[in-house]
Number of protein chains: 2
Amino acid sequence: MSANDNEVALLIRKLERLARLEQADKEALRGLPLRTQRVPADHYLVQEGDVALECCVLLKGYACRHKMTRSGDRQVVSFHVQGDILDLQNLLLSRADHSVQTVSPATIGVVPSSVLKDVADRHPRIKDALWRETLIEAAVFREWVLNVGRRNAIARISHMLCEFALRSQQGGISSPEATVFPFTQDLVADATGLSVVHTNRVIQELRASGALRAGTSRIEIGDWEKLLSIGEFDPHYLHAAA
Amino acid sequence: MSANDNEVALLIRKLERLARLEQADKEALRGLPLRTQRVPADHYLVQEGDVALECCVLLKGYACRHKMTRSGDRQVVSFHVQGDILDLQNLLLSRADHSVQTVSPATIGVVPSSVLKDVADRHPRIKDALWRETLIEAAVFREWVLNVGRRNAIARISHMLCEFALRSQQGGISSPEATVFPFTQDLVADATGLSVVHTNRVIQELRASGALRAGTSRIEIGDWEKLLSIGEFDPHYLHAAA
DNA sequence: CGTAGGTTTGACTGATCTCAAGTTTGGTGG
DNA sequence: CCACCAAACTTGAGATCAGTCAAACCTACG
């Protein structure tokens, strides 16, 4: 049992949800030279335009990806939780088209892209798992385009919260109601394409309706079913079942 | 030289732009049992929720993918041109999370997902090419989230037109100005998350500025540089260079 | 116990939407 | 070759959702 078994266990569990792995596959993953590293909140892991030669696994904490408009408006395009592989795309694309940033203090496992690519090349089931992850990510992006393009503010915010609740719960046991959102309202605004002011007003509306818990300035789920319904949330696009 | 060499040549050219293929890889592709089929415009190739057991290659014509809101609002999430592989995701995901529809009369090549998957399994360079395609698609979706989430109507429409012009030109020789857009204004609206009425007004504005050609009711580029600039268009996210 | 970051409020503005008519265009059958 | 029709495009007017600006107000943390 090597030193980074605990870290790698997370990664293995994640990939097992994506494809059936055999002993040899898991051995190969355990052999990855994963360099763990703690980083503060709001720390950039990748900047748009970088040539990234490494891949990060998010071992603890939260992160997001975002892009910016010429005028500096920010759009968050995805959130990431424990176990997610940030920047899988570095394996095959050379230049980052977006930034990756922590949203909370985090621990990451860093591995050279070439090493991971090599492991994937020698273990087709691992490659399939990673490819499948890419496909699911693409499905999530499609849903975001719909969310941001066609839903009004209240449905948009609700939908985004539902997705995060489910994803942060994936493989866990506790209920959606217990979700801890690492979001400032600013972040929510940037993820939904709204202004902070309007985001604040809509969150208050969600609190008044009971969908979010009232009497706190944090975002907490009050009524999961109600939030699902306001957000028109249907989880099939997450392709969660292996 | 088998009967479907011409059709497969398109596919091979596409994949060669994505990864270095060897003779054996190309042979395998030529061996694909590609059943060609002509379909009219507005024909559904996949419906959201389908379990699709086949993969389509778009041999001629145009297609798009879209999703719908509960209330029936449509959001187009991508456009496709000659050579594109529609629904690569069927190789690893079972249920379609979106619909695929032709935008013009089209010719498609149909191949069972399992056969293509099998070829990919036995030819790692082909699998890499397909994976890379998935990654690029994801990058395009990210840009769409930004486009729809943070750009105003005129930039949004311009950006979308720039992307299509470039993609429909890929591998070709003619200039962006010569692009033929197979779009109704309704489609443009659904791709940008705007209403048809506003889309119409913005297109008129683009014509008045010279970015689009005036004096026609079709969408034609008038001034490519201007359109790029209005759309804040930077093609790096297309990862076009192999 | 001061401060910075985050949240909330108010007042006003404006981009985009909706509804409801037209008008033009391209394709089809006589 | 023309008349007709449906689909696509335009236009106008009024409504509204969401944005902006600017000022407080919390509250966690040093």
Side-chain angles (χ1 to χ4, degrees), chain A residues 40-43 62 69 71-76 101-105 147-161 180-208 212-220 230, chain B residues 40-43 69 71-76 101-105 147-158 160-161 180-208 212-220 230:
Chain A
D42 301 318
H43 177 86
Y62 299 96
T69 251
S71 56
D73 288 333
R74 187 169 84 139
Q75 176 70 46
V76 171
Q101 194 176 17
T102 55
V103 155
S104 68
N147 199 39
V148 165
R150 285 300 187 201
R151 284 199 261 259
N152 65 16
I154 194 165
R156 216 186 282 185
I157 290 178
S158 303
H159 191 282
M160 185 280 255
L161 294 177
V180 175
F181 294 97
F183 299 156
T184 61
Q185 296 188 2
D186 220 81
L187 238 200
V188 174
D190 283 346
T192 49
L194 299 165
S195 69
V196 206
V197 172
H198 197 57
T199 297
N200 176 267
R201 290 186 168 125
V202 170
I203 286 176
Q204 287 177 57
E205 199 182 330
L206 285 167
R207 286 188 184 129
L212 293 184
R213 189 166 306 147
T216 163
S217 77
R218 261 167 304 171
I219 296 176
E220 293 168 14
I230 296 175
Chain B
D42 300 318
H43 177 85
T69 252
S71 56
D73 287 332
R74 187 169 84 140
Q75 176 69 47
V76 170
Q101 194 176 18
T102 55
V103 155
S104 68
N147 199 40
V148 165
R150 285 299 186 202
R151 284 199 261 259
N152 66 14
I154 193 166
R156 214 186 282 185
I157 291 178
S158 303
M160 185 279 251
L161 294 176
V180 174
F181 294 98
F183 299 157
T184 61
Q185 296 188 2
D186 219 81
L187 238 202
V188 174
D190 283 347
T192 49
L194 299 165
S195 69
V196 206
V197 173
H198 197 57
T199 297
N200 176 267
R201 291 186 168 125
V202 170
I203 286 176
Q204 287 177 56
E205 199 182 329
L206 284 168
R207 287 189 183 129
L212 293 183
R213 189 166 307 146
T216 163
S217 76
R218 261 166 303 172
I219 297 176
E220 293 169 14
I230 295 176

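Worth knowing before you read on, the calculation uses all heavy atoms, side chains too, and leaves out hydrogens, waters and symmetry mates. Chain identifiers are assigned alphabetically (A, B, ...) following the order of the sequence lines, protein sequences preceding nucleic acid strands; residue numbering begins at 1 within each chain. Being a predicted model, the structure only gives us computed values, none of them experimental.
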Just the rounded figure in Å: distance from [atom2] of [N] to [atom1] of [X].
X        : N      : atom1 : atom2 : value
A/Arg151 : D/dA18 : CZ    : P     : 14 Å
B/Asn152 : C/dC17 : CG    : P     : 12 Å
B/Leu194 : C/dT18 : CG    : P     : 11 Å
B/Arg218 : D/dC9  : CZ    : P     : 11 Å
B/Ile157 : C/dA15 : CD1   : P     : 15 Å
B/Ile219 : D/dC9  : CD1   : P     : 7 Å
A/Asp73  : D/dA18 : CG    : P     : 17 Å
B/His198 : D/dC17 : NE2   : P     : 17 Å

> Just checking A/Ser195: base, sugar-phosphate only, or nothing, at a heavy-atom cut-off of under 4.0 Å?
Replying inline: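 Base, at least one base atom sits under 4.0 Å.
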Locate the shortest heavy-atom distance separating [X] from [Y]; write the atom from each residue and the value.
X        : Y        : result
B/Thr192 : B/Gln75  : N-NE2, 4.2 Å
A/Ile219 : A/Phe181 : O-CD1, 3.3 Å
A/Gly149 : B/Val148 : CA-CG1, 3.1 Å
A/Ile154 : A/Val202 : CA-CG1, 3.6 Å

> With sequence neighbours excluded, what pairs up with B/Arg156 under the salt bridge (Lys or Arg N to Asp or Glu O under 4.0 Å) test?
Replying inline: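 Residues passing salt bridge (Lys or Arg N to Asp or Glu O under 4.0 Å) with B/Arg156: none at all.
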>> Closest-nucleotide mapping onto DNA chain D: is A/Arg156 or B/Thr216 further toward the 5' terminus? I mean the 5' end.
In response: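 Mapping each residue to its closest nucleotide by heavy atoms, the 5'-most match is B/Thr216.
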> Hey, is B/Asp190 close enough to A/Arg150 for a salt bridge, meaning N to O under 4.0 Å?
Replying inline: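 Salt bridge flag = yes for A/Arg150 with B/Asp190.
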>> Heavy atoms within less than 4.0 Å of DNA chain D: which residues of residues 199-207 of chain B have one? Give them sorted by number.
In response: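 Close to the strand are B/Asn200, B/Arg201, B/Gln204, B/Arg207.
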> Would you say B/Gln185 reaches D/dA7's phosphate, i.e. side-chain N/O to OP1/OP2 under 4.0 Å?
Replying inline: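 So the side-chain polar atoms of B/Gln185 never come under 4.0 Å of the phosphate oxygens OP1 or OP2 of D/dA7.
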> Pick the nucleotide of DNA chain C nearest each of A/Arg150 and A/Asp186; which residue has the one closer to the 5' end?
Replying inline: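 Closer to the 5' end of DNA chain C: A/Asp186.
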> With sequence neighbours left out, what residues match B/Arg201 under side chain to side chain donor-acceptor pair (under 3.5 Å)?
Replying inline: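 If we apply the side chain to side chain donor-acceptor pair (under 3.5 Å) test to B/Arg201, skipping adjacent residues, there are no hits.
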> Choosing from C/dT8, D/dA18, D/dT11, which nucleotide comes nearest the side chain of B/Val197?
Replying inline: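 Taking heavy atoms from C-beta onward, the closest nucleotide is D/dT11.
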